[in-house]
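Take this structure first; my questions come after.
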Amino acid sequence: MSEELLRIHAEYQRSLRAKHARLLALWDALRTGRGDDGTVVQLRTLLHHLSGSAGAYGYEVLGENAARLERTLADWIRDGSGRRCEAAALCRRCIGDYEETERALAAAIDAAGR
């Protein structure tokens with residue numbers, strides 16, 4: 001791998017901690033009822049970026065998990081506010097996908113630290 005690619009990869013690995021902290025904060029806001037539609041949109045955007053980039057940096061499981069959770073949130077956003085459940089109920093519905101994504105992100109951070 002070229003020096004430039006190694007630098008870019010290391011930069012991405014360093015960004016994972018901030019992404020993880022953001023994921024935890026957004027999810028917690030939704031789970032506790034402090035979040036709103038905007039919080040769901042922010043979380044979907046974060047997951048979209050993770051799902052698009054993780055595989056390119058060797059974190060395929062993270063990318064797949066983020067994509068699955070992103071699709072659920074995108075469907076929720078498309079449903080419109082009159083027909084969808086509240087954000088806290090959305091969290092309960094997709095807790096398994098969230099936990100898998102969070103674990104994959106934590107594992108990527110751990111692998112990057114080695």
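This one's a predicted model, so the numbers in the text were calculated from it and none came from an experiment.
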Flag if over 12 foreign heavy atoms under 6.0 Å of CZ, Arg17: no

Closest non-hydrogen atom pair between Ala87 and Leu30, with its separation: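 Taking Ala87 first and Leu30 second, the nearest heavy atoms are CB-CD2, 3.5 Å.
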
pair Leu90-Leu73: side-chain heavy atoms closer than 4.5 Å: yes

Closest non-hydrogen atom pair, Gly63 against Ala54: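 Minimum heavy-atom separation between Gly63 and Ala54: N-CB, 3.6 Å.
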
Check against side chain to side chain contact (heavy atoms under 4.5 Å, CB included), Trp76 and Arg44: CA-CA 10 Å; Trp76 187 88; Arg44 193 216 59 86; over 6 Å; no

Lys19 to Ser15 - nearest heavy-atom pair and separation: NZ-OG, 2.7 Å

Atom of Ala66, atom of Thr101 and distance for their closest heavy-atom approach: N-OG1, 3.7 Å

Side-chain touch Leu50/Glu70, heavy atoms, less than 4.5 angstrom: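 No, too far: nothing below the 4.5 Å cut-off.
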
Criterion side chain to side chain contact (heavy atoms under 4.5 Å, CB included) on Thr72 and Asp97, from CA distance to verdict: CA-CA 9 Å; Thr72 300; Asp97 286 341; 4.2 Å; yes

Expected output: side-chain Asp28 to main-chain Leu24 donor-acceptor under 3.5 Å: no

Arg103 vs Glu100, salt bridge (Lys or Arg N to Asp or Glu O under 4.0 Å): CA-CA, chis, key distance, verdict: CA-CA 5 Å; Arg103 276 193 298 270; Glu100 288 181 27; 5.1 Å; no

Joint cluster assignment, Leu46 & Val61, ILVMFWY side-chain distance < 4.5 Å: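 In one cluster: no.
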
Test item: Leu16 and Tyr12 side chains (from C-beta on) under 4.5 Å apart, heavy atoms: yes

Donor-acceptor side-chain pairing of Asp36 and Thr39 below 3.5 angstrom: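 Result is yes, a qualifying pair exists.
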
Closest non-hydrogen atom pair between Leu23 and Glu102, with its separation: CD2-CA, 4.0 Å

Ring geometry between Tyr59 and His9 (parallel below 30°, tilted from 30 to 60°, perpendicular above 60°): parallel

Smallest separation among heavy atoms of Leu26 and Gln42, with atom names: CD2-OE1, 3.7 Å

Inter-residue atom distance Thr45.OG1 - Arg22.CZ, 0.5 Å rounding: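 Answer rounded to 0.5 Å: 9.5 Å.
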
From Glu86 atom CD to Cys91 atom SG, the distance as rounded to the nearest 0.5 Å: 11.5 Å

Heavy-atom check, side chain of Tyr98 versus side chain of Arg31, under 4.5 Å: no

Steps toward salt bridge (Lys or Arg N to Asp or Glu O under 4.0 Å) verdict (Arg68, Glu64): CA-CA 6 Å; Arg68 188 172 40 256; Glu64 292 165 5; over 6 Å; no

From Leu69 atom CG to Leu47 atom CG, the distance as rounded to the nearest 0.5 Å: 4.5 Å

Side chain to side chain contact (heavy atoms under 4.5 Å, CB included) assessment of Trp27 paired with Ile95: CA-CA 10 Å; Trp27 187 264; Ile95 186 70; 3.9 Å; yes

